[in-house]
Amino acid sequence: QVQLAESGGGLVQAGGSLRLSCAASGLPFSRYAMGWFRQAPGKVREFVAAISWIGSITHYADNVKGRFTISRDNAKNTVYLQMNSLKPEDTAVYYCAANRVIVTTPEFDYWGQGTQVTVSS
């Protein structure tokens, strides 16, 4: 059974930082691309970042480029999202996702339950 467990969300002031983690189990982690998506209240789920199997390829949404960094540790079956210079518009539930190939659309095979990130102004 595949499980993706996000952690690291919370409340932070604008300009602050958070680091999200997603621990994966039940799948050959090093053979899966990983992604982060987010969904704010009343909005559709949107792509944030994705990383290839060994981390050689990354993609970012334009509105987080230069502020967020996705990385992975295949030895720990974990993917990270370092979020700096956070803005109130970054407030959302953040989801971790796994897929056989790296894509920037929500067509991922597996999803976590999400972790809330709230940025106060």
Side-chain angles (χ1 to χ4, degrees):
Q1 180 180 358
V2 176
Q3 290 190 330
L4 302 176
E6 302 97 336
S7 61
L11 174 64
V12 64
Q13 288 188 331
S17 298
L18 281 175
R19 188 195 196 202
L20 304 183
S21 299
C22 172
S25 61
L27 77 171
F29 183 76
S30 63
R31 296 288 187 174
Y32 273 76
M34 300 298 295
W36 288 96
F37 290 76
R38 67 187 183 186
Q39 188 166 16
K43 295 189 176 182
V44 299
R45 190 169 298 188
E46 66 171 356
F47 169 76
V48 176
I51 188 167
S52 60
W53 293 4
I54 58 172
S56 57
I57 300 171
T58 56
H59 295 300
Y60 295 94
D62 287 342
N63 55 3
V64 306
K65 203 171 293 184
R67 300 188 298 122
F68 291 10
T69 302
I70 188 171
S71 62
R72 65 189 296 160
D73 185 339
N74 286 348
K76 296 182 178 180
N77 285 7
T78 300
V79 62
Y80 306 96
L81 185 68
Q82 178 67 44
M83 305 186 294
N84 299 329
S85 302
L86 282 161
K87 305 175 182 180
E89 51 264 43
D90 294 318
T91 295
V93 177
Y94 283 71
Y95 297 90
C96 169
N99 200 51
R100 281 288 190 179
V101 296
I102 187 170
V103 295
T104 59
T105 56
E107 283 78 35
F108 273 64
D109 293 332
Y110 303 105
W111 292 85
Q113 294 298 307
T115 186
Q116 176 71 46
V117 171
T118 302
V119 184
S120 64
S121 57

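FYI, the numbering just counts along the sequence from 1. Just the heavy atoms: all of them, side chains too, but no hydrogens, waters or symmetry mates, feed the values below. These figures come from a predicted structure and were not determined experimentally.
Because its NZ or CZ atom is both nearer than 6.0 Å to the ring centre of Phe29 and within 45° of the ring axis, Arg72 counts as a cation-pi partner of that residue.
The environment of NZ in Lys76 is sparse: at most 12 heavy-atom neighbours from other residues, nucleotides or ligands sit within 6.0 Å. The local environment of CD in Glu89 is crowded, with over 12 non-hydrogen atoms from other residues, nucleotides or ligands closer than 6.0 Å.
Of the possible polar contacts, none joining the Thr58 side chain to the Ile51 backbone as a donor-acceptor pair under 3.5 Å is found. For the pair Arg67 (side chain) and Asn63 (backbone), a donor-acceptor distance under 3.5 Å is present.
Residues Tyr94 and Glu6 have side chains not in contact (no heavy-atom distance under 4.5 Å, counting atoms from C-beta outward). Side-chain contact between Asp90 and Met83 is absent, with no heavy atoms from C-beta onward closer than 4.5 Å. Put simply, the side chain of Leu86 does not reach to within 4.5 Å of the side chain of Gln13, judged on heavy atoms.
Hydrophobic clustering, with ILVMFWY side chains joined whenever heavy atoms are under 4.5 angstrom apart, keeps Met34 apart from Trp53. Under a hydrophobic-cluster definition in which Ile, Leu, Val, Met, Phe, Trp and Tyr are linked whenever side-chain heavy atoms come within less than 4.5 Å, directly or via other members, Ile102 and Leu27 are assigned to different clusters. Two different hydrophobic clusters hold Leu20 and Trp111 under the rule that ILVMFWY side chains link at heavy-atom gaps under 4.5 Å. By the criterion of side-chain heavy atoms lying less than 4.5 angstrom apart, applied directly or through intervening Ile, Leu, Val, Met, Phe, Trp or Tyr residues, Tyr80 is not grouped with Ile70; the two fall into different hydrophobic clusters.
Classification of Asp62 and Lys65 as a salt-bridged pair holds, one side-chain N sitting under 4.0 Å from a carboxylate O.
Residues satisfying the side-chain hydrogen bond (donor to acceptor under 3.5 Å, both in side chains) criterion with Glu46, sequence neighbours excluded, are Arg38.
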request  = Let me see the working for Phe108 and Tyr95 under ring-ring contact (aromatic ring centres under 6.0 Å, His included), right down to the final yes or no.
outcome  = CA-CA 11 Å; Phe108 273 64; Tyr95 297 90; over 10 Å; no
**Report entry** From CA spacing to verdict: side-chain contact (heavy atoms from CB on, under 4.5 Å), Val2, Asp109
**Finding:** CA-CA 10 Å; Val2 176; Asp109 293 332; over 6 Å; no
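Shown are Phe68, Trp36, Tyr60, Phe37; of these, the ring-ring contact (aromatic ring centres under 6.0 Å, His included) with Phe47 is made only by Phe37.
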